[in-house]
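For reference, the structure is listed below as structure tokens.
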Amino acid sequence: MKFTCVKHKGLIIPAFESDHKAFKSVKEGSFLSAEVNNRKRQVKHHNLFFKRLMMIYDNCEHNYPSVDRLRDDFTIRAGYYDMYICVDGSSRIDAQSISFKSMGEDKFSEYEKQFLKQINKYFDADTLQAIEKELEDYNNKLINNKQWKQLG
């Protein structure tokens, strides 16, 4: 059983009504294990990462057949990979997942920093700088549109 709780005035309490129902089924005095996730993954941050990735794929010189192959390669270069030994004795390296389920906001932020370090080693600095400028303009436009909608 899984439910979300919050710490409030030194107590752990269910976050939502559905969590309260699950929490009530736990017997008094029962021991519970917890996974603390202080910062939920931000969809906006995730979307900006993929927008940047698509812009790199579309604007930088490379030989990758797909944006997924580029992401996998630079995820591995950033140190986010799993290594397996196959039954024939050969080894295999797979990029780790960056899904919301597998990475919280803190780990994703660290991953993104390492990923961009690797990107900066291999692609033209002027092109990457132009991409960052375009992303900044895009982000400012989103913020301004949101503010206009709130005022309206």
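Taking CD1 of Ile119 as the reference point, atom SG of Cys60 lies at 7.5 Å (rounded to 0.5 Å).
Heavy atoms only, all atoms of each residue included: Ser25 and Ala22 are closest at OG-O, 2.6 Å. Here the closest non-hydrogen pair linking Tyr84 and Asp94 is CE1-OD2, 3.4 Å. Between His46 and Ile98 the shortest heavy-atom distance is CE1-O, 4.3 Å.
The side-chain tip of Arg41 points at the ring of Phe100 from less than 6.0 angstrom away and within 45° of straight on. The cationic group of Arg92 does not satisfy the cation-pi geometry with Tyr81, failing either the under 6.0 Å distance to the six-membered ring centre or the 45° limit from the ring axis.
Contact of the Gln96 side chain with the Ile76 side chain is not registered, since no non-hydrogen atoms from C-beta on lie closer than 4.5 Å. Contact of the Asn120 side chain with the Leu128 side chain is registered, since non-hydrogen atoms from C-beta on lie closer than 4.5 Å.
Salt-bridge annotation for Asp73 and Arg77: present, with a side-chain N of the basic residue lying under 4.0 Å from a carboxylate O of the acidic one. A salt bridge links Lys113 and Glu110; the closest N-O separation between the charged side-chain nitrogens and carboxylate oxygens is under 4.0 Å. Remark: Asp137 engages Lys133 in a salt bridge, criterion side-chain N to carboxylate O under 4.0 Å.
Phe74 and Phe123 have tilted rings, their planes meeting at an angle from 30° to 60° on a 0 to 90° scale.
Separation of the Phe49 and His45 ring centroids does not fall under the 6.0 Å cut-off.
Neither side chain, Ser66 nor Asp68, offers a donor N or O lying under 3.5 Å from an acceptor on the other.
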Could you give me the CA-CA distance, side-chain angles and deciding distance for Arg71 and Tyr57, then say whether side-chain contact (heavy atoms from CB on, under 4.5 Å) is met? CA-CA 9 Å; Arg71 181 178 50 81; Tyr57 183 79; over 6 Å; no
